[in-house]
Amino acid sequence: QVQLVESGGGLVQPGGSLRLSCAAPGSNLNYYVIAWFRQAPGKEREGVSCISSSSTDGSTLYADSAKGRFTTSRDDAKNLVYLQMSDLEPDDTAVYFCATDGGRVCGRLHPIVFDIWGQGTQVTVDS
């Protein structure tokens, strides 16, 4: 079973940028849909973005909160999926997770759809 590992979180000032990475040691991420979610303290886990498999059109979709500021992409050679975040705000503070449902094409961006999760990486936006 594929295992996911996030990295790249940290402390950033408002207006700053951060790039998160999702890796799958021992598996080929290219085959899978990879979604990004986040969960802030006391709040429900919410979808951020999704990227379809490289074996399809690799299409992406974004939550309204991410549109225009966040970009998800793949580096097939490095077997990584990225979440590039810019113009960060304090409300972006959360633990960020990558996840897959084992499928190929992005569909509903809801946590109930995804059954394989990484351990998460903390992003804190604070001056």
Is there a donor-acceptor contact under 3.5 Å from the side chain of [X] to the main chain of [Y]?
X	Y	result
Thr121	Ser7	no
Thr72	Leu83	no
Gln84	Thr71	no
Gln119	Glu6	yes
Arg74	Asn79	no

How long is the gap from [atom1] on [X] to [atom2] on [Y], to the nearest 0.5 Å?
X	Y	atom1	atom2	result
Arg45	Ile112	CZ	CD1	13.0 Å
Cys106	Arg108	SG	CZ	14.5 Å
Asp126	Leu88	CG	CG	12.0 Å
Ile34	Cys98	CD1	SG	6.0 Å
Tyr96	Met85	OH	CE	5.0 Å
Leu20	Phe97	CG	CZ	12.0 Å

Kindly write out the residues that satisfy side chain to side chain contact (heavy atoms under 4.5 Å, CB included) with Glu89, not counting sequence neighbours, or none if the list is empty.
->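 Result, side chain to side chain contact (heavy atoms under 4.5 Å, CB included) vs Glu89: Arg69, Asp92.
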
Which residues satisfy the side chain to side chain contact (heavy atoms under 4.5 Å, CB included) test with Asp57, sequence neighbours excluded?
->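 Scan of Asp57 (side chain to side chain contact (heavy atoms under 4.5 Å, CB included), adjacent residues dropped) gives Ser52, Ser59.
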
Going through the distances and angles, do Ser54 and Arg104 end up as a side chain to side chain contact (heavy atoms under 4.5 Å, CB included)?
-> CA-CA 8 Å; Ser54 298; Arg104 300 286 186 264; over 6 Å; no

Does the pair Leu4 and Thr100 meet the rule for a side chain to side chain contact (heavy atoms under 4.5 Å, CB included), with working shown?
-> CA-CA 9 Å; Leu4 302 176; Thr100 187; 4.1 Å; yes

If a pair satisfies side-chain hydrogen bond (donor to acceptor under 3.5 Å, both in side chains) and one of its residues is in residues 19-37, list it, with sequence neighbours excluded.
->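 Applying side-chain hydrogen bond (donor to acceptor under 3.5 Å, both in side chains) to every pair that reaches into residues 19-37, excluding sequence neighbours, yields Asn28-Asn30.
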
List the steps and the verdict of side chain to side chain contact (heavy atoms under 4.5 Å, CB included) for Ser73 and Val81.
-> CA-CA 6 Å; Ser73 62; Val81 171; over 6 Å; no

So, for [X] and [Y], which heavy atoms are closest and what is the spacing to 0.1 Å?
X	Y	answer
Gly8	Leu18	O-CG, 3.6 Å
Val5	Pro25	CG2-CD, 4.1 Å
Gly58	Ile51	O-CG1, 3.7 Å
Asp87	Ser17	N-OG, 4.3 Å

Leu80: hydrophobic cluster co-members (side-chain, 4.5 Å) |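 Its cluster mates, by chain and number, are Tyr82.
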
Hydrophobic side-chain clustering at under 4.5 Å (ILVMFWY, transitive links): who's grouped with Tyr62? Put none if nobody.
->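 Answer for Tyr62: none, a lone residue.
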
Sequence neighbours left out, what pairs pass ring-ring contact (aromatic ring centres under 6.0 Å, His included) with at least one residue falling in residues 102-127?
->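 Pairs touching residues 102-127 that pass the test: Phe37-Phe114, Phe37-Trp117.
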
Are Val12 and Thr124 side-chain neighbours, meaning at least one heavy-atom pair lies under 4.5 Å?
->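 A side-chain contact under 4.5 Å is absent here.
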
Is any side-chain heavy atom of Leu109 closer than 4.5 Å to a side-chain heavy atom of Leu61?
->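 In short, these two side chains touch, coming nearer than 4.5 Å.
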
Check step by step if side chain to side chain contact (heavy atoms under 4.5 Å, CB included) holds for Ile116 and Gln1.
-> CA-CA 9 Å; Ile116 299 173; Gln1 183 176 358; 3.3 Å; yes

